[in-house]
Amino acid sequence: MNIKKICCIGAGYVGGPTMAVIAQKCPSIQVTVVDLNEARIAAWNDTDLNKLPIYEPGLAEIVGEVRNRNLFFSTEVEKAIEEADMIFISVNTPTKTYGLGKGMAADLKYIELCARTIARVAKTDKIVIEKSTLPVRTAAAIKSILDHTGNGVQFQILSNPEFLAEGTAVKDLLAPDRVLIGGDDSIEGQIAIAELAFIYSNWVPQERILTTNVWSSELSKLTANAFLAQRVSSINAMSELCEKTGADVNEVASAIGMDSRIGHKFLKASVGFGGSCFQKDIMNLVYIAQSYGLQEVADYWEQVIIMNDHQKRRFGRNIVKTLYNTVADKKIAFLGWAFKKDTNDTRESAAIYVAADLLCEQANIAVFDPKVTEMQMKSDLDLVLAGCDETCSRDVSMQEDAYNTCKDAHAIAVLTEWDEFKTYDWQRIYDNMMKPAFIFDGRNVLDRKELETIGFIYKGIGS
Ligand code: NAD
Ligand code: UGA
């Protein structure tokens with residue numbers, strides 16, 4: 001096979017870890033990850049591996065092994081494109097915040113900019129790979145831009161969506177359930193598919209490398225995220241019913257999960273799913289369905305988001321109601337700010353929305369998260385509180401340790417399922433809190449019996 005140099009545009013949560021693993025498994029290929037964000041590239045190049053821009057278990061070790069061997073991080077986007085045989089586009093595809101499709105459609109301006117840059121600087125034939133999550137048929141737009149350069153360069157466009165989950169990215173990349181490659185039926189298309197499949201075959205078993213047409217591949221990615229998010233909204237819908245009926249959602253999840261057709265995974269009731277992708281990808285799916293006039297399909301998927309918003313809201317409302325209908329001037333301790341454990345990513349974290357609701361009730365909030373900085377937490381809140389008036393409290397701070405965070409608090413809200421929370425000295429935490437001391441476990445991760453024995457009033461989700 002012919003690939004000697006790979007360029008990846010976008011050094012984010014997908015580009016960084018994915019290319020680190022490709023570089024580790026394909027030592028003869030030079031992999032260069034480029035980004036316009038100079039600070040991010042500088043952080044990827046930091047000699048202190050604790051300062052990489054992304055926290056993922058196992059990632060620093062791999063980057064330490066291959067960086068400057070055959071993995072490079074650079075801001076020289078054009079140079080890396082020009083030299084590469086294969087280009088991964090791994091830039092962000094956020095929800096549009098303006099114009100047609102505002103709040104729903106994917107904003108493809110970063111993708112188009114990549115395509116135009118490739119079209120402008122490429123002097124040799126290239127395989128261009130959509131790694132970002134994109135609306136079905138985006139490859140046609142990229143092809144149209146690339147094919148109109150008039151400089152005779154041949155491009156093959158493949159769709160190779162990424163299925164890694166944050167917090168387990170390295171594990172997912174090293175042993176993926178499947179690698180999906182969508183390409184053209186033409187001979188050139190099939191050769192391009194074979195080139196990419198060959199790269200993955202260095203560590204992924206052949207039977208896990210699935211090839212399809214481009215449109216199926218693009219749509220499979222949106223479908224996978226929609227199905228996963230739907231399961232969370234489904235169990236969360238049942239959690240509310242459990243709270244009214246005396247059923248326990250954990251027991252219901254275990255019972256239904258034993259049905260091999262349903263399976264155990266992704267049935268954990270929670271304060272609501274977060275993360276940069278579930279909401280954006282479902283809204284994108286809703287928009288696509290609407291644009292084809294498929295209103296029932298659009299409504300069906302939109303309900304997953306409506307349920308998730310409801311779950312986040314009712315968690316905050318439940319805190320207020322339980323604390324005797326007022327949290328004004330009361331300290332509420334937040335354990336966790338990231339949208340799930342083992343990541344420093346806070347995008348769309350449920351914690352942001354719960355905090356905003358409680359601040360509007362004039363609560364004081366102290367936050368502890370093992371991986372999130374105060375600056376990040378405040379910038380998350382600034383965006384959500386921008387439309388609120390001056391009656392909303394802004395009394396929120398990030399603490400260095402959990403014990404100080406909970407000191408003198410009226411209640412603790414568990415927003416992320418960090419493993420270390422289970423190891424705390426809960427008696428000590430209880431002794432230093434206001435009484436009665438409440439715990440609202442938004443992840444159902446703490447030991448209810450132990451906490452109730454100590455004296456806490458424990459409120460889980462769905463029980
Ligand atoms: P991200 O925001 O962490 O990273 C994207 C990077 O692209 C940024 O650093 C940005 O500066 C850079 N960029 C944007 N335009 C550029 C350009 N023209 N030239 C050079 N760099 C540019 O995003 P992410 O989380 O890595 O997600 C990337 C894509 O992958 C999205 O489409 C997302 O839906 C998809 N995805 C994400 C995950 C995940 O777990 N985060 C998983 C699977 C798929
Ligand atoms: C998700 C998908 O799992 C990945 O396959 C996909 O590649 C990625 O989106 C993407 O396209 O960005 P991610 O968002 O990183 O990955 O993490 P998940 O493990 O899916 O969790 C998402 C959210 O759902 C988290 O807030 C998590 O706490 C919540 N969740 C998950 C639950 O509340 N209950 C569950 O049972 C599972």
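The residues of the chain are indexed from 1 along the displayed sequence.
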Engineer: With side chain to side chain donor-acceptor pair (under 3.5 Å) as the rule and sequence neighbours excluded, what pairs involving residues 212-229 come up?
Structural biologist: S159-S217, N213-S216, N225-D281
Engineer: Counting only heavy atoms not in Y292, do more than 12 sit closer than 6.0 Å to its OH atom?
Structural biologist: no
Engineer: Ring of F163, cation from R178 - is the NZ or CZ under 6.0 Å from the centre and inside 45° of the axis?
Structural biologist: yes
Engineer: Take Q303 and D299 through the test side chain to side chain donor-acceptor pair (under 3.5 Å) and record every step on the way to the result.
Structural biologist: CA-CA 6 Å; Q303 197 58 37; D299 291 346; over 6 Å; no
Engineer: Quick one: side chain to side chain contact (heavy atoms under 4.5 Å, CB included) partners of D357, sequence neighbours excluded?
Structural biologist: R313
Engineer: Quick one: list whatever passes side chain to side chain contact (heavy atoms under 4.5 Å, CB included) with Q24, sequence neighbours left out.
Structural biologist: I62, E65, V66, L174
Engineer: On a heavy-atom basis, which atom in I6 and which in I3 lie closest, and how many Å separate them?
Structural biologist: CG1-CG2, 3.9 Å
Engineer: Between F421 and W426 (judged by ring centroids, cut-off 6.0 Å), do the two rings come close enough to count as a pair?
Structural biologist: no
Engineer: So, E240 and N236: side-chain donor and acceptor under 3.5 Å apart, yes or no?
Structural biologist: no
Engineer: Go through the structure and list residues passing side chain to side chain donor-acceptor pair (under 3.5 Å) with K126, not counting sequence neighbours.
Structural biologist: T124
Engineer: Main chain of F273, side chain of N308: is a donor-acceptor contact present, judged purely on distance under 3.5 Å?
Structural biologist: yes
Engineer: Would you call the rings of W301 and F227 parallel, tilted or perpendicular, where under 30° means parallel and over 60° means perpendicular?
Structural biologist: tilted
Engineer: What closest approach, in Å, do V77 and L36 show between heavy atoms, and which atom pair accounts for it?
Structural biologist: CG2-CD2, 4.0 Å
Engineer: Please check if the distance between the ring centroids of F368 and Y403 is under 6.0 Å.
Structural biologist: no
Engineer: Do V136 and L222 come close enough that some side-chain heavy atom pair is under 4.5 Å?
Structural biologist: no
Engineer: Does the pair K131/E162 count as a salt bridge with the N-to-O cut at 4.0 Å?
Structural biologist: yes
Engineer: Holding to side chain to side chain contact (heavy atoms under 4.5 Å, CB included), I want the full list of residues that pass it with T117, two or more places apart in sequence or in another chain.
Structural biologist: E78, I81, L113, R120
Engineer: Flag the pair D342 / W418 as yes when at least one side-chain heavy-atom distance between them is below 4.5 Å, and no otherwise.
Structural biologist: yes
Engineer: Do the side chain of N70 and the main chain of A23 share a donor and acceptor less than 3.5 angstrom apart?
Structural biologist: yes
Engineer: Rounded to the nearest 0.5 Å, what's the gap from CD1 on I439 to CZ on R448? Could you check?
Structural biologist: 11.0 Å
Engineer: Assess the side chains of Y458 and D447: does a donor N or O sit below 3.5 Å from an acceptor N or O?
Structural biologist: no
Engineer: Compute whether any side-chain donor of one residue and acceptor of the other, for S132 and E130, lie under 3.5 angstrom apart.
Structural biologist: no
Engineer: At their closest point, which heavy atom of C7 faces which heavy atom of V34, and how far apart are they?
Structural biologist: SG-CG2, 4.0 Å
Engineer: Side chains of S239 and Q311 only: does a donor on one sit below 3.5 Å from an acceptor on the other?
Structural biologist: yes
Engineer: Short question: side chain of R67, backbone of D46 - any donor-acceptor pair under 3.5 Å?
Structural biologist: yes
Engineer: Please identify which of these residues, D248, V249, V271, V414, meets the side-chain contact (heavy atoms from CB on, under 4.5 Å) condition with N444.
Structural biologist: V249
Engineer: Heavy atoms, side chains only, cut-off 4.5 Å: are T416 and F334 in contact?
Structural biologist: no
Engineer: According to side chain to side chain donor-acceptor pair (under 3.5 Å), who are the partners of Q279, at least two apart in sequence or on a separate chain?
Structural biologist: none
Engineer: Where do Y13 and N344 land on the side chain to side chain donor-acceptor pair (under 3.5 Å) test, with the steps shown first?
Structural biologist: CA-CA 10 Å; Y13 283 86; N344 59 346; 3.0 Å; yes
Engineer: Using side-chain heavy atoms (C-beta onward) and a distance below 4.5 Å, is W44 in contact with I54?
Structural biologist: yes
